[in-house]
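Chain letters run A, B, ... following the sequence lines, proteins first, then strands; residues in each count from 1.
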Amino acid sequence: MMDRTPLPAEFYTQPTLELAKALLGCLLIKETPDGTAAGYIVETEAYKGPEDMAAHSYNNRRTKRTEVMYAGPGFAYTYLMHTHCLLNVVSAEKDKPEAVLIRAIEPAEGISLMKERRKMDNLKNLTNGPGKLTKALGVTMEDYGRLFSEPPLILAEGYTPAEIAKGKRIGIDNSGEAKDYPWRFWVKGSPYVSRHQIESS
DNA sequence: CGGACGATTCTCT
DNA sequence: GAGAATCGTCCGG
């Protein structure tokens, strides 16, 4: 049985870009009545709030959807995009709407359950996208506003990535100059990331 | 109340 | 690499 002691609250208080990198290798766990599924985070993107045109919280936009981004570090921000649920870790201090999007994980536990949910058998295609991993883990809008420090949604220590790569964020071409910020991070060489080609130093 | 719009995914070509 | 699917949220009237 792997260690699933939740990460301490202090973990989430580091600057958003640091947190985005620190989350790589961490174990994301979701418990449901059907069973437990978990995976190591291998890809993240940072969204930095008021000054980040790509962020939902750009210009301090505050709606029912983005409200939890203002709640302080360590909360889960889930939202729907084209019928898919996407998962973020809220960062920064209270009233500063910043967050880290979880874009891909490496399957670790409950793999047969994840395959069943995704209706596929290909391990590398199971959780290599923000909408794919939530479906595989069973993360839904019911997780909106939950803390990552207690069941059924937990972030725990995993492994330390040998090397971290970074590049432009994905899917935000309509975000002015913010689209070029190198705020996407991934575990270099991992076969479980969502894209392989785009890379910059 | 209607219309536009995605921090996506899948299926082709 | 392009295009469709598809639906909740947000904003304007």
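In this structure, the CD atom of Glu67(A) is 11 Å from the P atom of dC10(C), given to the nearest Å. Rounded to an integer number of Å, the gap from OH of Tyr58(A) to P of dC11(C) is 15 Å.
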*How does DNA chain B read in dot-bracket, base by base from 5' to 3', with Watson-Crick or G-U pairs under 3.5 Å and | used when the partner is on another strand?*
||||||.|||||.
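More than 12 heavy atoms of other residues, nucleotides or ligands sit less than 6.0 Å from atom CD of Glu67(A).
Put simply, Thr63(A) has no side-chain N or O that comes within less than 4.0 Å of OP1 or OP2 on dT9(C).
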*asked:* If you apply the rule salt bridge (Lys or Arg N to Asp or Glu O under 4.0 Å), what do you find for Asp173(A) with Lys179(A), and how did you get there?
replied: CA-CA 6 Å; Asp173(A) 288 344; Lys179(A) 73 179 174 60; 5.8 Å; no
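Met69(A) and Phe11(A) are not part of a single hydrophobic cluster, where members link through side-chain heavy atoms under 4.5 Å apart.
Residue Arg61(A) is in sugar-phosphate contact alone, with no base atom involved, counting any heavy-atom pair closer than 4.0 Å across all strands shown.
When only modelled atom types and interatomic distance are considered, Asn128(A) and Lys124(A) share no side-chain donor-acceptor pair under 3.5 Å.
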Listing time: all N or O pairs from protein to nucleotides 4-9 of chain B that are below 3.5 Å?
{"from": "dA7(B)", "atom 1": "OP1", "to": "His56(A)", "atom 2": "NE2", "distance (Å)": "3.1"}
{"from": "dA7(B)", "atom 1": "N9", "to": "Tyr79(A)", "atom 2": "OH", "distance (Å)": "3.3"}
{"from": "dA7(B)", "atom 1": "N7", "to": "Ala54(A)", "atom 2": "O", "distance (Å)": "3.4"}
{"from": "dA7(B)", "atom 1": "N7", "to": "His56(A)", "atom 2": "NE2", "distance (Å)": "3.0"}
{"from": "dA7(B)", "atom 1": "N1", "to": "Asn88(A)", "atom 2": "OD1", "distance (Å)": "2.5"}
{"from": "dA7(B)", "atom 1": "N3", "to": "Tyr79(A)", "atom 2": "OH", "distance (Å)": "3.2"}
{"from": "dT8(B)", "atom 1": "OP1", "to": "Arg103(A)", "atom 2": "NH1", "distance (Å)": "3.4"}
{"from": "dT9(B)", "atom 1": "OP1", "to": "Pro130(A)", "atom 2": "N", "distance (Å)": "3.2"}
{"from": "dT9(B)", "atom 1": "OP1", "to": "Gly131(A)", "atom 2": "N", "distance (Å)": "2.6"}
{"from": "dT9(B)", "atom 1": "OP1", "to": "Lys132(A)", "atom 2": "N", "distance (Å)": "3.1"}
{"from": "dT9(B)", "atom 1": "O4'", "to": "His84(A)", "atom 2": "NE2", "distance (Å)": "3.2"}

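With contacts defined as side-chain heavy-atom distances shorter than 4.5 Å, the pair Met120(A)/Lys132(A) does not qualify.
Ion pairing between Glu18(A) and Lys21(A) holds under the 4.0 Å rule for side-chain N and carboxylate O.
When all heavy atoms of Ala54(A) and Ala178(A) are compared, the closest pair comes out as N-CB, 4.1 Å.
Tested against Phe148(A), the residues Leu87(A), Ile154(A), Asp143(A), Leu7(A) include a single side-chain contact (heavy atoms from CB on, under 4.5 Å) partner, Leu87(A).
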